[in-house]
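As the structure is a computational prediction, the values presented were derived from the model and not from experiment.
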Number of protein chains: 2
Amino acid sequence: MVEPLEQLHTALKSHNQSWTRPRQIVFSALAGREPQTMHEIVSACAGQVDRASVYRIISLFERLGIVERLQIGWKYKLELSDAFHSHHHHLTCLSCGRVIPFDESAELEGHLQHIARSKNFVIQGHQLEIQGLCQACATKTAPAQVHKKTRNDMRPGR
Amino acid sequence: MVEPLEQLHTALKSHNQSWTRPRQIVFSALAGREPQTMHEIVSACAGQVDRASVYRIISLFERLGIVERLQIGWKYKLELSDAFHSHHHHLTCLSCGRVIPFDESAELEGHLQHIARSKNFVIQGHQLEIQGLCQACATKTAPAQVHKKTRNDMRPGR
DNA sequence: TTATTATTGCAAATTTGTCGCAATTTATGC
DNA sequence: GCATAAATTGCGACAAATTTGCAATAATAA
């Protein structure tokens, strides 16, 4: 198995991008973890990489296809992309916020191609996100309800 | 066909939520239009509903499943959800930004259920977004490239 | 209507994301 | 290696987006 940092090095080099310390640090903060919010990444790099640089680096990584952002309810999170993980999607629990990755089937892939063709559309990427309740929450929680008394000037569920 | 506002009334009532003027206005700003940015919605309600209230109302609508947000490149947009439209997804052109809606097939739906079951997950909703090039752009545009000299402290996307 | 409870508007505070520019690091060619 | 050119960072200042507290106002229930 290839070292993740090696892979980053290769990826940067192949795009004529510099191999720098901050980029390694940001990458490491992402590697092998659950998708994270920008805030979490910035915190993880605190003292080592400036906030503005984290943004610039994440932005670069996105353009290079090294990281991908996914929408988790109201916020977004970032994770290393398929080249560094395997292509997958997520089941997000609306109750506890847990993110469960899953692989996509060949049939599903085929469907997308079929849909795109019918619209004369050339697919370059896709996201599939499913929300619901994980086993733990499904059993202990009654179906989510919005109660009258509930404060509602807060964001919808993670 | 049911009046959209009637439908909103029913939806709010069924959740024990108040039927208020600001909510009707925000709803109307959304009804029958393309997905919009928060900014566009706030502008559409200018003078009628305060910005903070628009945020609170959209947030409520999301929790009630009245609106859904979808990621368009770096930004997000909001649209009325399936109950007020029909259930569908989008093909987004990375070149011109056009959004092409499409319906999902029964098979696709079946796949999702199958995947969820294998993880003991109860589905409550899902999003499927596809990016690529629409017919017009696919024919006239060469595939995007990342160049060395390109400034990289700007956002990716389109 | 009146009393009670939820929702709004407003102003102010946070949070997030950007920008310019000098200081520092990488990459390159001896 | 070492000097030089080019790219990347850190910093401080901004700007935009989103949230909050609270008093005023509108909606609901009796």
From CG of Asn16(A) over to C1' of dA6(D), roughly how many Å is that when rounded to an integer?
13 Å
Figure out the CD1/C1' separation between Ile58(B) and dT7(C), and round it to whole Å.
16 Å
Step by step, work out the ring-ring contact (aromatic ring centres under 6.0 Å, His included) result for Phe27(A) and Phe84(A).
CA-CA 11 Å; Phe27(A) 181 87; Phe84(A) 297 83; 5.5 Å; yes
Verify the contact: side-chain N or O of Gln17(B) to OP1 or OP2 of dT28(D), cut-off strictly under 4.0 Å; return yes or no.
no
Gln36(B) side chain near Leu30(B) side chain, heavy-atom distance below 4.5 Å:
yes
Write down the distance between CZ (Arg21(B)) and C1' (dA6(C)), rounded to a whole number of angstrom.
18 Å
Separation of dT9(D) P from Gln24(A) CD (nearest whole Å):
10 Å
Please report, rounded to the nearest Å, how far the C1' atom of dT8(D) is from the CZ atom of Phe61(A).
12 Å
Give me the ring orientation class for His9(A) and Trp19(A): parallel if the planes are under 30° apart, tilted from 30 to 60°, perpendicular past 60°.
parallel
Whole Å only: how far is the NE2 atom of His15(B) from the P atom of dT7(C)?
13 Å
What I'd like to find out is whether the side chain of His111(A) reaches to under 4.5 Å of the side chain of His111(B), using heavy atoms alone.
yes
From the options dT8(D), dT18(D), dT28(D), select the nucleotide whose nearest atom is closest to the side chain of Thr20(A).
dT8(D)
Interface polar pairs with nucleotides 10-17 of chain D, N/O, under 3.5 angstrom:
from: dG10(D); atom 1: OP1; to: Gln48(A); atom 2: O; distance (Å): 3.2
from: dG10(D); atom 1: OP2; to: Asp50(A); atom 2: N; distance (Å): 3.1
from: dG10(D); atom 1: OP2; to: Ser53(A); atom 2: OG; distance (Å): 2.7
from: dG10(D); atom 1: N7; to: Arg56(A); atom 2: NH2; distance (Å): 2.7
from: dG10(D); atom 1: O6; to: Arg56(A); atom 2: NH1; distance (Å): 3.4
from: dG10(D); atom 1: O6; to: Arg56(A); atom 2: NH2; distance (Å): 3.2

Tell me every residue that passes side-chain contact (heavy atoms from CB on, under 4.5 Å) with Arg117(A), counting only those two or more places apart in sequence or in another chain.
Gln113(A)
Any residue meeting ring pair (Phe, Tyr, Trp, His ring centres under 6.0 Å) with His114(A), in chain and number order, not counting sequence neighbours
none
If every non-hydrogen atom of Ser81(A) is compared with every non-hydrogen atom of Glu68(A), which pair is closest and at what distance?
CB-OE2, 3.6 Å
Value in whole Å for how far the C1' atom of dT24(C) lies from CH2 of Trp19(A)
19 Å
Over how many whole Å does the gap from Leu64(A) atom CG to dT8(D) atom P extend?
11 Å
Does a nitrogen or oxygen in the side chain of Arg23(A) sit under 4.0 Å from OP1 or OP2 of dT9(D)?
yes
